[in-house]
Amino acid sequence: RDEILTIKPGRELDALIAEKVMGWKRAFNPRGFHVWVTKFSDDGRVLLYHREDEWNPSEKMSVAWEVEEKAIEEDPSMYVHALASVVFGYNQVQDISDIRKMCMLIHATPEQRCKAALLAVIEKEDAQ
């Protein structure tokens, strides 16, 4: 947890998110760049992908929302608690019903949203 919170926005954090949260695989495109494969055909061909150098959820809000949606699909409660712990800076969130706290969550940065999604997935894995 502490290690994740110290990672700066950028490729390292984005790679963890692609693998752990999104469940994507990294591959090399014959055109000379790496991609995150999002969908394979039944015979193993790449159907959909994102260029690794263009997929930057920890820095761009429109991409961070995609990660957030995936984390919410997996476990909404776990994600909200992880986001609150990232935004407010503590492990146990007692009460997020205060309207000011809710507004702070709404205005979370791409970095905060991505770290929360990553923490939620890891915490869910640890709980199983």
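Numbering of residues begins at 1 and proceeds along the displayed sequence. Treat the numbers as computed from the prediction; the structure is a model and nothing was measured. Values below: all heavy atoms of this structure, side chains included; hydrogens, waters and symmetry mates excluded.
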So, do [X] and [Y] sit near enough that their side-chain heavy atoms are less than 4.5 Å apart?
X: K25; Y: W36; value: no
X: P110; Y: M61; value: yes
X: H50; Y: M22; value: no

Looking only at heavy atoms, what is the nearest atom pair of [X] and [Y], with distance?
X: R51; Y: Y49; result: N-CD1, 4.1 Å
X: P57; Y: A64; result: O-CB, 3.4 Å
X: K8; Y: L13; result: O-CB, 3.8 Å
X: R113; Y: I106; result: NH2-O, 2.6 Å
X: A27; Y: V37; result: CB-CG2, 3.7 Å

Transitive ILVMFWY side-chain link L5 to V21, under 4.5 Å: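 In one cluster: yes.
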Check for me, please, whether M78 and L118 land in the same ILVMFWY cluster - side-chain distances under 4.5 Å, paths through other members count. no
What distance do [X] atom [atom1] and [Y] atom [atom2] have between them, rounded to the nearest 0.5 Å?
X: E73; Y: Y79; atom1: CD; atom2: OH; result: 13.0 Å
X: I7; Y: L16; atom1: CD1; atom2: CG; result: 5.0 Å
X: K20; Y: E125; atom1: NZ; atom2: CD; result: 5.0 Å

For D43, is the CG atom crowded, meaning more than 12 foreign heavy atoms sit under 6.0 Å from it?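 Above 12, so yes.
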Decide if atom CD of E12 counts as having more than 12 heavy atoms of other residues, nucleotides or ligands within a radius under 6.0 Å.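 Result for CD/E12: open.
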Test I17 against K115 for side-chain contact (heavy atoms from CB on, under 4.5 Å), laying out the working first. CA-CA 8 Å; I17 293 159; K115 287 180 177 180; over 6 Å; no
Test your reading of the model: is there a side-chain donor-acceptor pair from [X] to the backbone of [Y], 3.5 Å cut-off?
X: R1; Y: L119; result: no
X: N56; Y: D14; result: no
X: S58; Y: E111; result: no

Applying the side chain to side chain contact (heavy atoms under 4.5 Å, CB included) test to W55, which of T38, V67, V35 qualifies? V67
